[in-house]
Amino acid sequence: MLMKLARLSLWNRRGTVLMTWLSLTISIALLLGIDHLRTEAKSSFTSTVSGTDLIVGARSGQLNLLLYSVFRIGNATANISWPTYQRIIKHPQIDWAIPISLGDSHRGYRVMGTNSDYFKHYRYANSQPLVLAQGEPFAQVFDTVLGAEVALKLGYKLGEQIELSHGVGAVSFSQHKDKPFTVVGILAATGTPVDQTVHVSLEAIEAIHLDWQQGAPMPGRQLSSEQVLAMDLTPKSITAFMLGLKSRMATFTLQRQINEFKNEPLSAILPGVALAELWQMLSMVENLLLLISLLVLLAALVGMITTLLASMKERQREMAILRAAGAHPWYLFVLIQVEVLLVTLLSMLSAAALLLLSLYLLQDRLAADFGLFISLNIIKLNTLYWAGGILLLSALLATLPGILAYRKALADGLTVRL
């Protein structure tokens with residue numbers, strides 16, 4: 001009976017209730033959407049690299065090393081000599097190693113020199129391997145494998161030729177035009193910096209710089225592609241390398257040994273720890289967005305209660321008739337609570353539907369433009385906490401109009417005012 005009366009009362013004021021419902025729906029969808037995106041972005045961020053036990057680079061801070069080796073942001077303070085790399089990877093506890101050589105670019109995208117171990121051992125997310133959507137890994141010196149975004153944004157297909165540029169700027173006047181590369185593979189999208197990377201072999205990095213010195217072509221010495229292929233292309237140095245160990249128990253021991261390496265000043269970092277530290281630095285932004293959403297939701301709830309308070313004067317006669325029919329003051333208090341909770345529940349359901357529809361429509365765009373692979377599963381433990389909190393806050397705010405309805409005298413509603 002109480003539920004039916006609440007529904008009829010809301011329907012009788014459907015114009016005002018509709019505006020309140022729309023306001024609450026948008027506010028709750030915004031709150032749940034930001035919380036869902038925050039969770040998914042954190043999951044995507046922390047799974048950028050998976051299964052790598054150590055990342056080694058020249059002596060620097062762990063965030064700097066993480067940024068240029070994993071996210072292709074910034075530059076190394078120095079390179080690592082090839083003999084040092086060869087010596088370290090012979091350690092009995094090392095299972096595999098992925099060398100990384102950075103410094104060049106192609107139309108704003110970073111070029112990374114590596115070897116075939118990169119395609120075998122690099123993992124992201126929940127230990128997912130790299131998969132070629134088209135073609136195959138590079139086999140020749142002047143072959144290249146493109147990340148998904150590079151191929152999509154620049155419109156490259158297998159067999160096309162591209163030219164690399166010296167440096168990492170979006171526009172470069174120092175280009176390796178005399179040594180073009182052929183696209184032999186395109187990686188499937190990963191939602192990681194791999195998608196924005198042009199992959200070539202370590203020998204290719206060496207080959208395009210044989211006739212260069214200090215960042216510029218050497219005057220009077222220009223070597224063709226055919227000439228450099230006949231030369232020794234063993235790398236002289238690399239930027240960093242990733243390590244996978246046979247036993248996780250040896251991680252800290254090997255890290256200490258590398259950090260104390262006497263031949264060169266090196267840093268070995270744990271990628272998981274560095275990623276957590278970097279996300280902690282970015283958490284201020286996500287917390288600010290969440291706070292803004294909470295304020296928007298609070299404003300919507302306060303607006304709903306304000307509207308309810310404004311309508312209480314119009315409902316004096318309705319309340320008085322209920323009292324005259326034998327309704328207890330507590331009955332009126334609970335009636336107001338039920339009405340508020342009904343509107344809130346309806347708003348929460350419509351907000352969830354709106355959020356699901358928005359994510360469904362924007363899922364591909366978020367993946368293509370921002371590398372965010374957002375799950376459509378919005379029902380999580382955190383979501384249930386938010387739902388409970390919203391209902392509790394609604395009930396708390398509804399106590400004010402409920403108390404007013406409780407305290408109104410029967411005569412207040414039945415007295416004819418002239």
Side-chain angles (χ1 to χ4, degrees), residues 20-50 70-71 123-128 148-149 152 188-196 272 275-304 340-397:
T20 304
W21 167 73
L22 284 173
S23 175
L24 269 179
T25 295
I26 294 172
S27 302
I28 295 173
L30 180 63
L31 174 66
L32 296 181
I34 288 179
D35 184 62
H36 184 65
L37 288 174
R38 177 178 65 89
T39 305
E40 293 293 304
K42 182 177 182 180
S43 175
S44 177
F45 180 87
T46 54
S47 62
T48 302
V49 57
S50 173
V70 174
F71 293 95
R123 298 289 185 271
Y124 68 98
N126 297 318
S127 296
Q128 295 186 49
E149 183 179 319
L152 179 65
T190 64
T192 71
V194 171
D195 298 343
Q196 296 111 38
L275 282 166
E277 182 181 340
L278 184 57
W279 184 258
Q280 190 65 31
M281 294 175 63
L282 299 174
S283 63
M284 184 184 299
V285 178
E286 61 164 330
N287 291 335
L288 181 61
L289 288 173
L290 204 56
L291 177 60
I292 293 172
S293 300
L294 278 171
L295 292 176
V296 170
L297 174 64
L298 182 61
L301 288 172
V302 170
M304 177 178 67
V340 170
L341 292 177
L342 277 176
V343 174
T344 305
L345 276 171
L346 184 62
S347 301
M348 289 170 61
L349 291 174
S350 53
L354 177 62
L355 179 58
L356 277 173
L357 178 62
S358 301
L359 290 176
Y360 177 76
L361 295 176
L362 296 174
Q363 196 176 35
D364 293 338
R365 179 61 61 187
L366 289 172
D369 292 351
F370 303 102
L372 288 174
F373 289 82
I374 305 300
S375 167
L376 294 180
N377 180 23
I378 63 171
I379 307 300
K380 299 176 181 176
L381 185 60
N382 209 35
T383 310
L384 298 178
Y385 287 147
W386 281 119
I390 292 169
L391 288 174
L392 184 62
L393 184 58
S394 300
L396 186 64
L397 291 173

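By the ring-ring contact (aromatic ring centres under 6.0 Å, His included) test, Phe71 is found to be paired with Phe45, residues two or more places apart in sequence or in another chain being considered. Taking the side chain to side chain contact (heavy atoms under 4.5 Å, CB included) definition, one finds that Ala276 meets it with nothing, sequence neighbours left out. Every residue two or more places apart in sequence or in another chain was checked for a side chain to side chain donor-acceptor pair (under 3.5 Å) with Thr383, and none qualifies. By the side chain to side chain donor-acceptor pair (under 3.5 Å) test, Ser394 is found to be paired with Thr344, residues two or more places apart in sequence or in another chain being considered. Among residues two or more places apart in sequence or in another chain, the side chain to side chain contact (heavy atoms under 4.5 Å, CB included) test is passed with Ala353 by none. In this view, Ala148 and Ala189, Asp195 satisfy the side chain to side chain contact (heavy atoms under 4.5 Å, CB included) rule, not counting sequence neighbours.
Rounding to the nearest 0.5 Å gives a distance of 4.5 Å between CG of Leu355 and CG of Leu359. Here OG1 of Thr48 is found 16.0 Å from CZ of Arg123. Values are rounded to the nearest 0.5 Å. Of the inter-residue distances, the one linking Leu341 atom CG with Ile390 atom CD1 reads 12.0 Å to the nearest 0.5 angstrom.
With a 4.5 Å cut-off on side-chain heavy atoms, Leu349 and Leu345 do not count as touching. Residues Met348 and Leu24 have side chains not in contact (no heavy-atom distance under 4.5 Å, counting atoms from C-beta outward). With contacts defined as side-chain heavy-atom distances shorter than 4.5 Å, the pair Thr192/Val49 does not qualify.
Counting only N and O atoms by type, the side chains of Ser350 and Thr25 include a donor and acceptor under 3.5 Å apart.
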Next item on the list: List the steps and the verdict of side-chain contact (heavy atoms from CB on, under 4.5 Å) for Leu346 and Trp21.
Entry: CA-CA 8 Å; Leu346 184 62; Trp21 167 73; 3.7 Å; yes
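Judged purely by atom type and a 3.5 angstrom limit, Ser50 has no side-chain atom pairing as donor or acceptor with the backbone of Tyr124.
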Kindly list each side-chain donor-acceptor pair under 3.5 angstrom involving residues 26-35, sequence neighbours excluded, with atom names and distances?
residue	atom	partner	partner atom	Å
Ser27	OG	Ser23	O	2.9
Asp35	OD1	Arg38	NH2	2.5
Asp35	OD1	Asn382	ND2	3.1
Asp35	OD1	Trp386	NE1	3.4
Asp35	OD2	Asn382	ND2	2.9
Asp35	OD2	Trp386	NE1	3.3

